[in-house]
Amino acid sequence: MRELWVATDDGDRGPADLLALAADLRVPVQHVSRKRLDAEARSEAPQGVLAKAAPLHEADLDDLARGSTKRPPFLVLVDGVTDPGNLGAILRSVDGAGGTGIILPRHRAVHITPTAAKAAAGAIEHVPIAVVSGLPTAVERLRRAGVWVVGLDDSATKSLFELGDTASEPIALVLGAEGSGLSRLVRERCDVLVSIPMRGRLSSLNVSAAAALACYEVTRRRLP
């Protein structure tokens with residue numbers, strides 16, 4: 001955190017705990033009008049506080065594919081998702097389930113925005129994010145590195161809950177956009193396609209809900 005802005009229009013000096021933390025970290029604090037803070041925040045309901053931080057570090061795809069000696073790769077690829085709230089919720093699930101990174105296409109997809117950051121509830125600070133020029137090529141690179149690529153597709157005959165031992169291997173889950181699903185080239189290059197069984201009248205889940213379910217299924221399979 002490089003600087004903290006606090007709105008003080010009503011005479012309140014700001015949240016005492018945040019001001020104390022800023023003082024401990026020697027972060028400069030600026031007391032500004034709420035109008036100025038809201039304009040700078042570029043998001044809904046900043047709640048009178050704005051922290052300015054360094055740019056996010058962009059992870060390298062090959063580093064994510066290698067993983068570490070302690071944790072095999074557990075990645076999530078996002079194909080064509082354009083809603084920042086969904087991206088933030090996906091990031092939060094990836095972090096909660098112990099995922100090791102997320103991969104986004106550079107074009108025709110949402111990246112980190114104030115709305116995505118808010119929905120992620122801090123996960124953007126902990127989940128490595130790689131941005132690639134093309135997702136189909138990224139899938140091929142992951143496969144060559146020994147990562148199993150599993151696409152979630154509503155039409156797949158195999159269930160997510162039939163992953164078996166594959167979940168314990170280096171794995172990458174691919175999530176498609178709502179409505180259109182996985183793009184053709186990405187679908188064709190996945191090692192396996194799975195679907196989430198739907199027992200009601202609807203045919204699919206919201207992409208962030210599907211991400212949460214799939215991530216925690218991998219985590220469940222990896223439990224000792």
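On a predicted model such as this, the values are computed, not experimentally measured, just so you know.
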- [ ] Answer whether the closest heavy-atom distance between the side chains of Leu91 and Ile112 falls below 4.5 Å.
- [x] yes
Task: Asp62: partners by salt bridge (Lys or Arg N to Asp or Glu O under 4.0 Å), with sequence neighbours left out - done: Arg141
- [ ] Not counting sequence neighbours, which residues clear side chain to side chain contact (heavy atoms under 4.5 Å, CB included) with Ser68? List them please.
- [x] Lys70, Arg71
Task: With sequence neighbours excluded, residues passing salt bridge (Lys or Arg N to Asp or Glu O under 4.0 Å) with Arg220 - done: Glu217
Task: Contact check, side chains of Val81 and Leu175, non-hydrogen atoms, under 4.5 Å - done: no
Task: Non-hydrogen atoms of Ala97 and Cys215 that approach each other most closely - done: CB-CB, 3.7 Å
- [ ] Mind checking the CZ-SG spacing from Arg143 to Cys190? Nearest 0.5 Å is all I need.
- [x] 8.5 Å
TODO: Would you please name every residue forming a salt bridge (Lys or Arg N to Asp or Glu O under 4.0 Å) with Glu58, sequence neighbours left out?
DONE: Arg106
Task: Contacts of type salt bridge (Lys or Arg N to Asp or Glu O under 4.0 Å), residue Asp63, not counting sequence neighbours - done: Arg66
- [ ] Not counting sequence neighbours, which residues clear side chain to side chain donor-acceptor pair (under 3.5 Å) with Asp153? List them please.
- [x] Ser155, Arg187
Open item on the list: Apply the hydrophobic cluster definition, ILVMFWY joined by side-chain contacts under 4.5 Å directly or through others, and give me every member besides Val149.
Closed with: Leu61, Leu64, Leu75, Leu77, Ile103, Val132, Leu135, Val139, Leu142, Val147, Val174, Leu182, Val186, Leu193
Task: For Ser183, all residues meeting side chain to side chain donor-acceptor pair (under 3.5 Å), sequence neighbours excluded - done: Asp79
Please set out all donor-acceptor pairs under 3.5 angstrom arising from side-chain atoms of residues 156-173, sequence neighbours excluded.
from: Ser159; atom 1: OG; to: Phe161; atom 2: N; distance (Å): 3.0
from: Glu162; atom 1: OE1; to: Ser159; atom 2: N; distance (Å): 3.0
from: Thr166; atom 1: OG1; to: Leu163; atom 2: O; distance (Å): 3.4

Task: Leu185 with Val192, same ILVMFWY side-chain cluster at under 4.5 Å - done: no
Open item on the list: Let me confirm one number: the CD-CD distance from Gln30 to Glu3, rounded to the nearest 0.5 Å.
Closed with: 4.5 Å
Open item on the list: Assigning hydrophobic clusters by single linkage (Ile, Leu, Val, Met, Phe, Trp, Tyr; side-chain heavy-atom cutoff under 4.5 Å), is Ile196 placed with Val78?
Closed with: yes
Task: Non-neighbouring partners of Arg108 that pass side chain to side chain donor-acceptor pair (under 3.5 Å), sequence neighbours left out - done: none
Task: Qualifying residues under side chain to side chain contact (heavy atoms under 4.5 Å, CB included), relative to Val110, sequence neighbours excluded - done: Pro84, Leu87, Thr113
- [ ] Can you see which heavy atom on Ser208 is nearest to which on Asn86, and at what distance?
- [x] OG-OD1, 3.4 Å
Open item on the list: Show the nearest heavy-atom pair for residues Arg199 and Pro197, with the distance to one decimal.
Closed with: NH1-CB, 3.5 Å
Open item on the list: Test your reading of the model: is there a side-chain donor-acceptor pair from Tyr216 to the backbone of Gly96, 3.5 Å cut-off?
Closed with: yes
Open item on the list: Can you list everything that forms a side chain to side chain donor-acceptor pair (under 3.5 Å) with Arg184? Sequence neighbours excluded, please.
Closed with: Glu188
Open item on the list: Can you give me the closest heavy-atom contact between Ala89 and Ala119, atom names plus distance?
Closed with: N-CB, 4.0 Å
Task: Side chain His111, main chain Pro105, donor-acceptor under 3.5 Å - done: yes
Open item on the list: Testing the basics here: between Val32 and Trp5, what is the closest heavy-atom pair and its distance to 0.1 Å?
Closed with: CG2-CE3, 3.9 Å
- [ ] May I ask whether Leu56 and Val131 are part of the same hydrophobic cluster, defined by side-chain heavy atoms of I, L, V, M, F, W, Y residues being less than 4.5 angstrom apart, directly or through others?
- [x] no
Task: Nearest heavy atoms of Leu4 and Ala22, plus distance in Å - done: CD2-CB, 4.1 Å
Task: Exceeds 12 heavy-atom contacts within 6.0 angstrom, atom CH2 of Trp148 - done: no
